[in-house]
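These notes concern the structure reproduced below.
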Amino acid sequence: MSSLQTLDIAARSATTTPSPDIRHRPQVQEVAKLIDVSTCIGCKACQVACMQWNDLRDEVGTNHGTYDNPVDLTPSSWTVMKFSEVEPEAGKLEWLIRKDGCMHCDDPGCLKSCPSPGAIVKYANGIVDFISEHCVGCGNCVTGCPFDVPRISKADNKAYKCSLCSDRVGVGLEPACVKACPTGALHFGTKEDMHEYASERIVDLKDRGFANAGVYDPAGVGGTHVMYVLQHADRPGLYAGLPKDPRISPLVSLWKGVAKPLAMVAMIGAVVGSFFHYMKAGPIEPKEDHPDADRDGRPDDVMVIEAPPPVRPGEPPPPWATTPATPVTAPPPPLPRA
């Protein structure tokens with residue numbers, strides 16, 4: 001979690017009221033991190049720097065036969081390196097390396113799907129951050145994210161992801177991963193500057209034979225504040241399943257756009273119906289119990305005698321049916337008086 005006093009908040013989760021205009025300075029520019037896949041060597045210095053700056057310690061894990069460790073994002077690993085051996089053309093094998101993490105969408109699906117007020121915020125510079133103390137652990141952010149980035153921790157039931165080092169950016173520093181990169185594959189600055197640098201890299205890659213080189217900044221989520229320079233921009237799926245046209249899940253739009261208002265109408269209807277029922281039928285009066293009733297609701301002086309079960313044809317009669325009745329004799333007459 002970053003210091004909310006150093007960055008302007010442009011949007012909050014589950015909040016319809018806009019942020020105060022006094023907190024928005026016109027000179028705030030959108031920032032972005034550019035990842036040049038063509039110059040990444042997979043050294044994982046960015047991965048280590050992320051853990052050190054955010055004081056994260058993940059489990060060692062096991063060997064899965066690849067260089068991916070851990071294999072996927074976890075609540076304690078906010079960025080991981082993905083290695084892919086692909087054959088974009090027949091007989092041409094390439095080893096593509098991609099730094100995976102939060103893309104910081106300009107139209108974040110996690111923020112739209114979150115039901116907890118203020119648990120997810122988007123700053124005026126474009127960074128999307130999680131505020132842990134407001135998180136309820138529902139997991140809606142996982143469903144709303146088109147990149148499948150947030151992870152729910154089993155330790156505290158909170159959601160975690162890359163914050164783009166918003167605490168460092170808030171005081172004028174670059175993210176820790178950018179600071180640690182030894183080959184200059186990571187760049188940070190204004191989004192406009194990052195696009196200009198990406199254009200230069202694309203020209204160089206096309207001169208080197210990558211005709212489909214381009215920048216990955218998908219419009220389906222309004223653009224992202226983490227961008228890639230790809231050799232094969234027409235097939236981003238080659239880079240460990242990077243989605244070609246990511247969009248917010250329609251379930252989020254259905255819940256926020258249709259289901260939520262209908263649920264509110266149903267709740268109001270239930271309250272109004274209950275009120276009129278109360279006015280018409282009145283309150284439910286409790287039944288008066290017998291003053292001597294015990295726990296089963298029956299008076300203590302009442303004995304319930306159950307009738308004997310009927311005798312079925314062909315069955316021997318019960319003992320009480322075969323016991324001869326004791327004859328009743330009349331009392332002797334009174335003796336005559338002397």
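Note that the numbering runs from 1 along the sequence shown for the chain.
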Taking all non-hydrogen atoms of both residues into account, name the closest pair between Phe147 and Pro218 and its distance.
CZ-CG, 4.2 Å

For Lys92, is the NZ atom crowded, meaning more than 12 foreign heavy atoms sit under 6.0 Å from it?
yes

For a 4.5 angstrom cut-off between non-hydrogen side-chain atoms, does Val37 reach Gln231?
yes

May I ask you to test the Met194-Met227 pair for a side-chain heavy-atom distance under 4.5 Å?
yes

Distance flag, aromatic centroids of Phe130 and Trp78, threshold under 6.0 Å:
no

Hey, does the side chain of Asp68 reach the backbone of Pro70 with a donor-acceptor pair shorter than 3.5 angstrom?
no

Interatomic distance, Asp58 atom CG to Leu73 atom CG [nearest 0.5 angstrom]:
10.5 Å

From CG (Leu186) to CG (Leu34), nearest 0.5 Å:
8.5 Å

Pairwise distance CG(Leu242) to CZ(Arg235) - rounded to 0.5 angstrom:
14.0 Å

Tell me whether the count of non-hydrogen atoms from other residues, nucleotides or ligands lying under 6.0 Å of NZ in Lys179 goes above 12.
no

Side chain to side chain, Cys165 and Trp53, heavy atoms closer than 4.5 Å:
yes

Between Thr190 and Glu30 (side chain of the first, backbone of the second, donor and acceptor by atom type, cut-off under 3.5 Å), is there such a pair?
no

Going by heavy atoms in the side chains, are Pro150 and Cys141 under 4.5 Å from each other?
yes

Under 3.5 Å, is there a donor-acceptor pair linking the side chains of Asn69 and His64?
no

Quick one: CD1 on Ile41 to CD1 on Ile97, what's the gap to the nearest 0.5 Å?
8.0 Å

Spell out, as yes or no, whether a donor-acceptor pair under 3.5 Å connects the side chain of Arg151 to the backbone of Asp72.
no

Rounded to the nearest 0.5 Å, how far apart are CZ of Arg168 and SG of Cys177?
9.0 Å

Is the shortest distance from a Lys or Arg side-chain nitrogen in Asp100 or Arg98 to a carboxylate oxygen in the other one below 4.0 Å?
yes

Please confirm whether the backbone N or O of Gly109 pairs with a side-chain atom of Ser113, one donor and one acceptor, at under 3.5 Å?
yes

Would you mind telling me which of Lys44, Lys99, Gln47 makes a side chain to side chain donor-acceptor pair (under 3.5 Å) with Thr79?
Lys99

Kindly compute the distance separating CG (Asp36) from SG (Cys181), expressed to the nearest 0.5 Å.
9.5 Å

Does the side chain of Tyr123 reach to within under 4.5 Å of the side chain of Val128, using non-hydrogen atoms?
no

With a 6.0 Å cut-off (strictly less than), is the heavy-atom count around CZ of Phe83, excluding the residue itself, greater than 12?
yes

Answer yes or no: is there an ion pair linking Asp234 with Lys244, defined by an N-O contact shorter than 4.0 Å?
no

ring-ring contact (aromatic ring centres under 6.0 Å, His included) with Phe210: which residues, sequence neighbours excluded?
His232

Ionic contact status for Asp129 with Lys122, cut-off 4.0 Å:
no

Verify, without hydrogens or angle tests, whether Ser116 (side chain) and Val136 (backbone) share a donor-acceptor contact under 3.5 angstrom.
no

Ser13 side-chain N/O to Ala119 backbone N/O, donor-acceptor pair under 3.5 Å
yes

For Tyr197, give me all partners under side chain to side chain donor-acceptor pair (under 3.5 Å), at least two apart in sequence or on another chain.
His187

For Cys102, all residues meeting side-chain contact (heavy atoms from CB on, under 4.5 Å), sequence neighbours excluded:
His104, Val149, Lys161, Cys162

Mark yes or no for whether Asp217, through its side chain, and Thr224, through its backbone, hold a donor-acceptor pair below 3.5 Å.
yes

Would you say the side-chain atoms of Thr183 pair up with the backbone N or O of Thr39, donor to acceptor, closer than 3.5 Å?
yes

Can we say Arg247 and Asp245 salt-bridge, meaning some charged N sits less than 4.0 Å from an Asp/Glu carboxylate O?
yes

Validation row: Val169, Glu174 side chains within 4.5 angstrom (heavy atoms)
no

Would you say the side-chain atoms of Glu192 pair up with the backbone N or O of Glu196, donor to acceptor, closer than 3.5 Å?
no

In the structure I gave you, are the side-chain heavy atoms of Pro236 and Leu238 within less than 4.5 Å of one another anywhere?
no

Any donor-acceptor pair under 3.5 Å linking the side chain of Asn54 with the backbone of Leu56?
no

